[in-house]
Colleague: 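Could you have a look at this structure, given as structure tokens, before my questions?
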Protein chains: 2
Amino acid sequence: MAKSPGEPRPSTPPAPVSRRTRPAKAALSADALVSAALAILDADGLDAVTMRRVAQALDTGAASLYVYVANRDELLALVYDRVLGEIPLPAVAAVGEPFPRWRTELSTLVRTAITVLGSHRGIATVALGDVPTGPNALALAEAILGLLAGAGIDDLTRSLALDLINLHITAAAAEESAYAAKGAEGHTEESAVAAMDEAFGRLSAADYPHLVSMRETLTAGSGDERDAWGIEVLLNGILGTPARG
Amino acid sequence: MAKSPGEPRPSTPPAPVSRRTRPAKAALSADALVSAALAILDADGLDAVTMRRVAQALDTGAASLYVYVANRDELLALVYDRVLGEIPLPAVAAVGEPFPRWRTELSTLVRTAITVLGSHRGIATVALGDVPTGPNALALAEAILGLLAGAGIDDLTRSLALDLINLHITAAAAEESAYAAKGAEGHTEESAVAAMDEAFGRLSAADYPHLVSMRETLTAGSGDERDAWGIEVLLNGILGTPARG
DNA sequence: GTTCGTAACGAACGGCGTTCGTAGCGAACG
DNA sequence: CGTTCGCTACGAACGCCGTTCGTTACGAAC
């Protein structure tokens, strides 16, 4: 009762009971923050995941979030790991056991990882700045290492291959998100071709002979086909490039 | 004379001559914006490249920049292309001519591209959102296509390979920048190992057998060695994976 | 009954990208 | 020569942002 700050509510009088007064409210938690952030991410993209919007979705103030999360980057890292959890992982063979199905399993694992990460608008870019160490990131790494072990690849090569595959997943997903974001609801095809023509129209065949001659080939193939080819290249390359070879 | 707004300068009277009154001033230009932005980028990183700071470096106001650039993203795209210009490109063989040195040339081209992009703190992430179409980006693409042509690779495969190589360059550079940024002046080695141990300390060998058994191998090798191996994998994989095979 | 740690919160700080209305100024035009 | 016009430049402002601070409420411990 002392202090008597009165009613310092200059903006929104229609809410009669202060949020603080209300009792239950489902209790905040880091998981709840992540869920709210993920919903905003899917709805409006990475830039829309602001502390204020997350707080608003949870019917609280931005300052309250800092009890569960040190800052926005940490929240995004948690969201990233949550998304990684959506990737179905194959059962891992025991250490030392050969696993003949490793190639198809690894191929689909990489492809689904790219698709899952790419479908949550822009979250993949989070991983390019922080080496992720969340539980689901570790589980994914474990699965990849297990499949590579099933191929009989030595430890050093597997270690390098893990990095390379992770890099590829992240980059391919980030690119996919970017394409999806650009299109929004416009035609991906049309705008992409338009941009291409715009850029190519000014090219002289003398200065850029290969680009000009390949103009049509460069836009060929769907994203999925390009993704699939990329994975094949990676796997073939890994098999054919032992470390310290 | 009409209107007579008087002297609406409530904040900084110590500057007697309005910037407007001063005559010469070297004249703004898109190039000047890019140079100023690049200097800030190298000094303080991508986040520090704000419209206000660029304007300040040019001794003007942020609003003035919009005459030469539509928005910050466009400015960053110009900076990105400027940085690409720092990459020395090999002479391109004529279309149809075999070029036996293609492999070493392409390998060093990719490696230097990663190094150059990675050395300008965070600029590589710009390319993950915009397919770059600046002149230097086109020249780089032309060079890569030319070297691949020297290897006798067909058009469709070259097209896919170009995308894959560009993706790898961008991602590897972004990761390199991120590592450099994390370290700042702290020991990269120490902090990386500490983070690893932090994450690995909680791992049970039952749940993560491969990760645990490879704990030491995973941190082996310098960044350069990993980069070099990655390029070999890409090139070997491209050679061994014709499109529509 | 009192103390105390801590979740929750409103307000504020400093900064951001961008827009708006206007001021200056050289060239074009009558 | 006088006027108009287009364009660069600019200060101020808008609506955001992440984060911090000081205070309040409240449950558990004593």
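Note that the structure is predicted; figures quoted are calculated from it, not measured. Convention: sequence-line order gives letters A, B, ...; per-chain numbering from 1.
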Colleague: Of all the nucleotides listed (D:dA9, D:dG18, C:dT19), which has the minimum atom distance to the side chain of A:Y66?
Modeller: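 The closest nucleotide is D:dG18.
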
Colleague: What distance do B:D42 atom CG and B:R121 atom CZ have between them, rounded to the nearest 0.5 Å?
Modeller: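 Atom-to-atom, B:D42:CG and B:R121:CZ are 8.5 Å apart.
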
Colleague: Count the heavy atoms of every other residue, nucleotide or ligand shown that sit under 6.0 Å from CD of B:E86, and state whether that count exceeds 12.
Modeller: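 Correct, the count exceeds 12.
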
Colleague: Check the distance between D:dA25's P and A:L28's CG and give it to me in whole angstrom.
Modeller: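 After rounding, the reported distance stands at 19 Å.
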
Colleague: Could you tell me how far apart A:L65 (CG) and C:dT6 (C1') are, to the nearest whole angstrom?
Modeller: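 Answer to the nearest Å: 16 Å.
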
Colleague: Measure from the side-chain heavy atoms of A:M51 and tell me the nearest of D:dG18, C:dT18, C:dA8.
Modeller: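 Ranking D:dG18, C:dT18, C:dA8 by closest atom to the A:M51 side chain puts D:dG18 first.
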
Colleague: Using whole Å, what does the distance between atom P of nucleotide D:dC16 and atom CG of A:D44 come to?
Modeller: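 So the two atoms are 14 Å apart, to the nearest Å.
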
Colleague: Just to verify, which of A:V79, A:V69, A:D130, A:L33 counts as forming a side chain to side chain contact (heavy atoms under 4.5 Å, CB included) with A:E74?
Modeller: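 Among A:V79, A:V69, A:D130, A:L33, the one that satisfies the side chain to side chain contact (heavy atoms under 4.5 Å, CB included) with A:E74 is A:V69.
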
Colleague: Any N or O donor-acceptor pair under 3.5 Å from the base of C:dG15 to the side chain of B:R52?
Modeller: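 Side chain to base: no pair present.
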
Colleague: Calculate the interatomic distance between A:Q56 atom CD and D:dG18 atom P; express it in whole Å.
Modeller: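 These atoms are roughly 13 Å apart.
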
Colleague: Separation of A:L46 atom CG from D:dG18 atom P, in whole Å?
Modeller: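 To the nearest whole Å, that distance equals 11 Å.
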
Colleague: On DNA chain C, nearest-nucleotide positions of A:V67 versus A:A63: which is more 5'?
Modeller: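 Upstream on the strand: A:V67.
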
Colleague: In whole angstrom, what separates B:L33's CG from D:dA9's C1'?
Modeller: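 That distance rounds to 13 Å.
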
Colleague: Rounded to the nearest 0.5 Å, how far does CD1 of A:I123 lie from CZ of A:R82?
Modeller: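 The CD1 atom of A:I123 is 11.5 Å from CZ of A:R82, to the nearest 0.5 Å.
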
Colleague: Could you work out, with side chain to side chain donor-acceptor pair (under 3.5 Å) as the rule, every residue matching A:R52, not counting sequence neighbours?
Modeller: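 Scan of A:R52 (side chain to side chain donor-acceptor pair (under 3.5 Å), adjacent residues dropped) gives none.
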
Colleague: Using Watson-Crick or G-U wobble geometry with both distances under 3.5 Å, which nucleotide pairs with D:dC30?
Modeller: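 Its partner is C:dG1 (Watson-Crick or G-U wobble, both distances under 3.5 Å).
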
Colleague: Counting only side-chain nitrogens and oxygens, does A:T60 get under 4.0 Å of the OP1 or OP2 atom of C:dA8?
Modeller: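 Checking A:T60 against C:dA8: no side-chain N or O falls below 4.0 Å of OP1 or OP2.
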
Colleague: Nearest to the side chain of A:S64, which nucleotide is it out of C:dA8, D:dC10, C:dC16?
Modeller: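 Shortest atom-to-atom distance from the side chain points to C:dA8.
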
Colleague: Could you tell me if the side chain of A:D81 sits less than 4.5 Å from the side chain of A:L78, heavy atoms only?
Modeller: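 Side chain of A:L78 against side chain of A:D81, heavy atoms only: no contact under 4.5 Å found.
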
Colleague: Please list, in numerical order, the residues of residues 69-80 of chain A that have a heavy atom closer than 4.0 Å to any atom of DNA chain D.
Modeller: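 Residues of residues 69-80 of chain A under 4.0 Å from DNA chain D: A:N71, A:R72.
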
Colleague: Rounded at 0.5 Å granularity, tell me how far CG in B:L145 sits from CE in A:M214.
Modeller: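 Nearest 0.5 Å value for the CG-CE distance: 5.0 Å.
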
Colleague: Please state how far atom OH in B:Y68 lies from atom C1' in D:dC10, giving the value in whole angstrom units.
Modeller: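 Those two atoms, OH and C1', are 12 Å apart.
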
